Every structure is written in structure tokens, then in C-alpha cells.
Amino acid sequence: MRLRHKPWAKDKLEQHPDIVIANPASCVGNWRHSFREGAPLHVEIGTGKGRFVTGMAIQHPDTLFIGIELMQSVIVSALDKVLEEDIQNVRLINQNARDLSEYFTENEIDRIYLNFSDPWPKNRHEKRRLTYKAFLQMYEKVMAPEGEIHLKTDNRGLFEYSLESFKEYGMEVKNVSWDLHNDAVEGNVMTEYEEKFSSMGHSIYRCEAMFR
Ligand code: SAM
């Protein structure tokens with residue numbers, strides 16, 4: 001992703017406190033209050049410029065989507081998409097997802113999306129991968145028992161590692177695709193990275209994993 005410094009991004013994010021939640025810890029257990037009690041709650045970690053989270057929100061207007069993204073200069077593009085389309089069911093968090101358990105309580109999240117997460121290919125960086133066991137432990141704490149993790153990537157190393165990590169953790173893995181765009185999968189919403197890498201001829205890998 002091309003990163004441009006956007007000095008105005010901070011101000012713009014602050015101008016929309018109803019969408020960009022400045023203090024997510026204050027929403028623990030209450031995320032649905034600003035939308036609809038009982039609504040499914042889906043979280044995308046590493047939302048990037050927001051194509052996926054906004055596309056999914058339009059496709060599923062009764063689900064509340066929360067996009068977490070570290071980089072201000074990137075998440076501001078997600079905010080632009082929410083504003084342009086006047087999307088009501090997206091909230092954005094400009095924080096590090098390693099603190100997820102400070103923002104959500106037990107059983108609060110129904111689904112987590114990991115889309116084209118940084119692969120951290122070096123062995124010494126294993127702990128940074130978003131499917132490392134410490135992350136799975138954290139996801140398990142905040143997810144509903146029947147909750148699912150949906151993962152997409154073009155990185156075969158990260159995909160194989162994640163399948164192994166899910167299984168080692170005792171999770172059930174299902175709907176594994178080694179070539180998503182040539183399998184008949186309905187309703188796939190592409191991310192920015194997915195568009196870029198699939199147009200370069202890369203296969204897209206996808207799977208779903210459940211704790212129970
Ligand atoms: N999901 C988007 C897509 O598929 O187009 C972006 C993919 S990009 C390779 C990974 C994104 O995850 C980057 O924007 C990065 O800043 C963000 N990211 C990485 N680690 C993160 C973390 N711990 N918490 C929040 N965001 C993170």
C-alpha cells in the first residue's frame with residue numbers, strides 16, 4: 001500500500017467521533033448501543049483503506065462492522081468511504097489490535113476478519129502474526145462461542161502457518177479455499193490488496209476457523 005503522509009488526517013478523524021471511536025475502551029460491552037441491540041457484530045483487523053468493511057456493511061445492513069487500523073493516513077480513506085456512501089453500520093478504531101481485549105468484553109464479537117494481514121515471514125517475527133497463538137487466545141476471550149474467524153491472504157506461507165496455528169489451538173477449520181476467485185463463492189467482497197494481488201495473477205487463499 002502506498003503510504004502518503006496526510007497531516008490533516010488526525011483532524012478529519014476527530015471531526016467524526018460518531019464513526020471514529022476515539023476511546024474504544026469506553027465502549028466495552030456497549031458497542032451495539034449506538035446501532036441496534038442484538039445485531040451481529042463483526043470486526044476487521046487491519047482494515048486498511050476500508051473497501052472490505054464498507055462493502056460488507058452495504059451488503060449486510062443489519063450487521064455492525066468495526067474496522068481496526070493502526071495507521072491514521074490509511075484509516076482516513078475508510079472514513080471517506082463511510083461518509084461518501086452514508087453508511088450507518090460501520091465504526092472505526094485507529095488503534096493497535098493487540099489491545100482488542102481492552103475494547104471488547106467476553107462473547108461480544110461474532111466474527112473477526114483477517115484480510116491480507118502482514119505475513120511477518122521471518123521465524124523470529126512469528127509472535128507478530130495475527131494468527132499466532134497469543135492472538136488466538138485474545139480473540140477467544142472476546143468472541144461468542146459460535147464465533148468465526150474468516151481469513152483471506154495471497155501469502156501461502158502465512159496461510160499454511162495460520163491453518164496449522166488454528167488446528168494446534170484446537171479450532172475447527174472449514175471452507176478452506178486455495179483459489180478463492182476460481183471457486184464459486186457467493187458474496188465475496190474484495191479488499192484493496194485482494195484487487196491488487198489477484199489482478200497480478202496471485203491465488204487468493206481463504207478459510208474459516210471456529211473455537212468450538
Ligand atoms: N486489509 C487491507 C486489505 O486487504 O487491503 C489492508 C492489508 S495491509 C497488508 C495490512 C494492514 O493492517 C495495514 O494497513 C496495517 O497498518 C494494518 N495493521 C497491521 N497490524 C495491525 C494491528 N496490530 N492493529 C491494527 N492494524 C494493523
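Quantities reported herein were computed from a predicted structural model and do not represent experimental measurements. In listed order, ligands and their atoms are each counted from 1.
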Peer 1: Under 4.0 Å from a heavy atom of E192: give me the atoms of ligand 1 that qualify, with their elements.
Peer 2: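 Close to E192: 5 (O).
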
Peer 1: Would you check if there is a donor-acceptor pair between the side chains of N94 and E69 at a distance under 3.5 Å?
Peer 2: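 Note: E69 and N94 side chains miss the donor-acceptor criterion.
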
Peer 1: Of F197, F116, W120, which has the heavy atom at the shortest distance from atom 7 (C) of ligand 1?
Peer 2: F116

Peer 1: Considering distance alone, does some N or O of G46 sit under 3.5 Å from an N or O of ligand 1?
Peer 2: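 Looking only at distances, the answer is yes, because the N/O contact criterion of under 3.5 Å is met.
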
Peer 1: Are any of the N/O atoms in N115 less than 3.5 Å from those in ligand 1?
Peer 2: yes

Peer 1: Is the closest heavy atom of N96 to ligand 1 under 4.0 Å?
Peer 2: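 Distance cut 4.0 Å: N96 passes for ligand 1.
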
Peer 1: Could you check whether R32 pairs with D62 (Lys NZ or Arg NE/NH1/NH2 to Asp/Glu carboxylate O, under 4.0 Å)?
Peer 2: no

Peer 1: Polar contacts were defined as any N/O atom of the residue lying under 3.5 Å from an N/O atom of the ligand; does this apply to S117 and ligand 1?
Peer 2: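 Looking only at distances, the answer is no, because the N/O contact criterion of under 3.5 Å is not met.
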
Peer 1: Which of the atoms of ligand 1 are close to M71, meaning less than 4.0 Å from one of its heavy atoms?
Peer 2: 16 (O)

Peer 1: So if you build clusters from Ile, Leu, Val, Met, Phe, Trp, Tyr with side-chain heavy-atom gaps below 4.5 Å, do F116 and I112 land together?
Peer 2: no

Peer 1: Check this for me, if you would: do K152 and E194 make a salt bridge, where the nitrogen-to-carboxylate-oxygen distance has to be below 4.0 angstrom?
Peer 2: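 Salt bridge flag = yes for E194 with K152.
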
Peer 1: Which is closest to atom 20 (N) of ligand 1 by heavy-atom distance: I68, L70, V53?
Peer 2: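 Shortest heavy-atom distance from atom 20 (N) of ligand 1: L70.
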
Peer 1: With heavy atoms of Q95 as the reference, note each atom of ligand 1 found under 4.0 Å away.
Peer 2: 24 (N), 25 (C)

Peer 1: Determine, for R91 against D18, whether the closest basic-nitrogen to carboxylate-oxygen distance falls under 4.0 angstrom.
Peer 2: no

Peer 1: Looking at R156 and E160, is there a salt bridge between them, counting it only when a charged N and a carboxylate O are closer than 4.0 Å?
Peer 2: yes

Peer 1: Does A97 reach ligand 1 with a nitrogen or oxygen that is under 3.5 Å from one of the ligand's nitrogen or oxygen atoms?
Peer 2: yes

Peer 1: Is E148 salt-bridged to K174, going by a charged N under 4.0 Å from an acidic O?
Peer 2: yes

Peer 1: Between W178 and F159, is the ring centroid distance below 6.0 Å?
Peer 2: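 Between F159 and W178, which both carry aromatic rings, the centre distance is below 6.0 Å.
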
Peer 1: So is E194 close enough to ligand 1, meaning a heavy atom under 4.0 angstrom away?
Peer 2: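 For ligand 1, residue contact (heavy atoms, under 4.0 Å) with E194 is absent.
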
Peer 1: What atoms of ligand 1 come within less than 4.0 Å of a heavy atom belonging to D118?
Peer 2: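 Once the distances to D118 are compared, the set is 9 (C), 10 (C), 19 (C).
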
Peer 1: Which ligand 1 atoms are under 4.0 Å away from a heavy-atom of T191?
Peer 2: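 Checking each atom against T191, I get 3 (C), 4 (O), 5 (O).
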
Peer 1: For the ring-ring contact (aromatic ring centres under 6.0 Å, His included) test, which of F166, Y205, Y113, Y139 pairs with H150?
Peer 2: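 Between H150 and the candidates, ring-ring contact (aromatic ring centres under 6.0 Å, His included) is satisfied uniquely by Y113.
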
